Amino acid sequence: MNRQRGNLKHRLTKILSVAVMVSIVAASLSGCKEKIKPGQAEVKRHEIRGVTVAKVVTSTIDSLYETSGTVSAKTTSTLASRVFGTITMVYVKEGDVARIGDTLLSIDDRDARHRLNAAEAGYSEALKAREAAEKQSSLADITSRRYGNLYSEKVVSRQEFDQIETGRNVASLEFERASLASERAKALLEESRVHFSYTRIRAPFSGLVTERKVEQGSMAVPGTPVITIEDTSRYKIRASVDERLSGRLRLGTPLKVYLDARRETVTGTVVKVVPAVDPVTRTFAIEAEIKGTHLRSGLYGKVFIPDGTREVLLVPPSALVEKGQLSGVYVLDDRDVATYRLVRKGKTFDKGTEVLSGLKDGDRIIVNGTEKAVDGGIVREQRSAVPEREQHAIDRDRS
């Protein structure tokens, strides 16, 4: 009896399980009948309005070769003493501006001053001796002419006339010797003056004092640098250039230099080209004179040299959307649906930013109003930006 009840209960449980499964399948089939077939559903997209759309076109730009160099003054002078002596005064320090002829430091001049005084006295004495010899020569010449007349009249003998003539010749020689002595004394005086001038070190040109290596009281030694001054009116940059440009760079070639410290771009002109190529680095050296404000020696600069032309894809900076470390643009398909597409940026030029990958010629992108764009949104209202090459064609047609 219990066995029969157990079997009946087991059968009822199985029947209920089957009924439940049939209900679930029926409900599923009923739900499938109510679904819309694939391809007929319309996705509701975010509408984008008030943006500017432009085509990406290939542009021709000047290709630039990039290298680096260091700025230095066109003229830098390292001054040294020419005499021994104690430095009595230093009038400048690093950073001071000196004008041409300004005294930068002085050296004990007592010994040089004594020599100068002696030379001046010697020259004065030589001039007086020359003056006396000149007068003696003049008197001897007059006397000789008088005795010549007397001798022709047979008033004086030949011996007396010869004595007077000899005196005239001796006086002339004495005058010549006194003249040479005065010239020698003058040369000694000039030498003493030059030697005395060495006790004052002066600025050879107007510029900036960049280094002072001595202090008051120290000993000046000939040939030892004491002060460095640079001409701040002209600067140059020296850079190494790849050997493939050898023979192509000429004097007068224009270039641009970007100074990192100043965040400033200055113009320059090639003034020197070293034709020899370094066999280790495979480069050759150039120098360019640059013009700019607040230039200083030692500044690091990136040098950009013209190197022909090349074709690139350029987009305006306003079209680039940064998301973290990634850069991208919003590209529109033929249905004006915007898709955020990652791109790889290149260099930035005056006309825009170079795109190395991620775009192709003819793609339509949002160039203004990117803050209104969303990935997958559809552009309803847009303004068109005419590509540069198409604008040139329009201008030609109008003219």
Side-chain angles (χ1 to χ4, degrees), residues 59-79 92-102 104 202-213 225 227-275 278 281 283-310 312 314 316-318 345-354:
S59 302
T60 301
I61 64 170
D62 293 329
S63 180
L64 298 175
Y65 171 80
E66 180 180 343
T67 183
S68 60
T70 302
V71 177
S72 62
K74 185 71 174 179
T75 304
T76 300
S77 180
T78 300
L79 307 179
V92 294
K93 61 182 181 299
E94 289 90 345
D96 286 349
V97 176
R99 294 183 178 181
I100 183 171
D102 285 352
L104 306 180
R202 304 180 186 276
F205 48 78
S206 298
L208 180 71
V209 177
T210 59
E211 189 174 9
R212 188 181 81 173
K213 299 184 177 181
I227 289 178
T228 301
I229 184 173
E230 65 179 34
D231 184 358
T232 56
S233 63
R234 297 185 300 169
Y235 282 88
K236 65 181 180 180
I237 187 168
R238 184 179 179 90
S240 297
V241 181
D242 190 84
E243 62 179 349
R244 69 180 179 83
L245 295 180
S246 179
R248 294 168 53 185
L249 281 180
R250 297 287 187 270
L251 298 182
T253 300
L255 50 78
K256 292 184 178 181
V257 179
Y258 178 74
L259 304 174
D260 281 349
R262 305 293 186 194
R263 294 185 178 180
E264 176 186 8
T265 299
V266 299
T267 58
T269 304
V270 176
V271 295
K272 182 179 180 181
V273 177
V274 179
D278 190 329
T281 61
T283 60
F284 64 97
I286 67 167
E287 286 185 3
E289 187 171 342
I290 57 177
K291 298 179 181 179
T293 58
H294 304 98
L295 295 177
R296 288 291 180 269
S297 293
L299 290 177
Y300 170 80
K302 296 179 181 178
V303 181
F304 298 94
I305 303 172
D307 189 20
T309 60
R310 61 190 178 97
V312 296
L314 296 179
S318 59
K345 298 188 300 182
K347 297 179 180 179
T348 299
F349 303 93
D350 294 337
K351 297 180 180 180
T353 301
E354 178 184 11

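Just so we're clear, the structure is a prediction, and the values are computed from it rather than from any experiment.
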Glu264 CD to His294 NE2 distance, which is reported to the nearest 0.5 Å: 8.5 Å

What donor-acceptor contacts under 3.5 angstrom involve side-chain atoms of residues 63-70, with partners at least two apart or in another chain?
residue, atom, partner, partner atom, Å
Tyr65, OH, Asp242, N, 3.0
Thr67, OG1, Ser240, O, 2.7

Can you see which heavy atom on Thr78 is nearest to which on Pro225, and at what distance? CG2-CB, 3.5 Å

Indicate the atoms forming the closest heavy-atom contact of Ile229 with Pro204, along with that distance. CG2-CD, 4.2 Å

Heavy-atom distance under 4.5 Å between the side chains of Tyr235 and Lys291, does that happen here? no

Would you check if the side chain of Thr269 reaches a backbone N or O of Gly252 as a donor-acceptor pair within less than 3.5 Å? no

Hey, mind stepping through Val241 and Thr283 against side-chain contact (heavy atoms from CB on, under 4.5 Å) and telling me if it holds? CA-CA 5 Å; Val241 181; Thr283 60; 5.9 Å; no

Flag the pair Val270 / Ile305 as yes when at least one side-chain heavy-atom distance between them is below 4.5 Å, and no otherwise. no

How long is the span from the OG atom in Ser206 to the CG atom in Asp231, to the nearest 0.5 Å? 8.0 Å

Do Asp96 and Arg212 touch side chain to side chain, with heavy atoms closer than 4.5 Å? no

Less than 3.5 Å apart, which donor and acceptor atoms pair up between the side chains of residues 296-304 and the rest of the protein, not counting sequence neighbours?
residue, atom, partner, partner atom, Å
Ser297, OG, Ala73, N, 3.1
Ser297, OG, Glu230, OE1, 2.7
Ser297, OG, Glu230, OE2, 3.4

Looking only at non-hydrogen atoms, find the nearest pair between Ser59 and Leu314 and report the distance. CB-CD1, 4.0 Å

Let me confirm one number: the CD-NZ distance from Glu289 to Lys74, rounded to the nearest 0.5 Å. 5.0 Å

How far apart are the closest heavy atoms of Glu94 and Thr210, and which atoms are they? CG-O, 3.5 Å

Between OG1 on residue Thr228 and CG on residue Leu79, distance to nearest 0.5 Å: 7.0 Å

From CD1 (Ile290) to OG1 (Thr267), nearest 0.5 Å: 9.0 Å

Shortest non-hydrogen separation from Val312 to Glu354 and the atoms involved: CG1-OE2, 3.5 Å

Is there a side-chain contact between Ile286 and Thr253 (heavy atoms, below 4.5 Å)? no

Can you pull out every salt bridge (Lys or Arg N to Asp or Glu O under 4.0 Å) where at least one residue sits in residues 248-262? Sequence neighbours excluded, please. Arg248-Asp307

Is any side-chain heavy atom of Glu211 less than 4.5 Å from a side-chain heavy atom of Lys213? yes

In terms of heavy-atom contacts, Pro254 and Pro306 come closest through O-CD, 3.3 Å

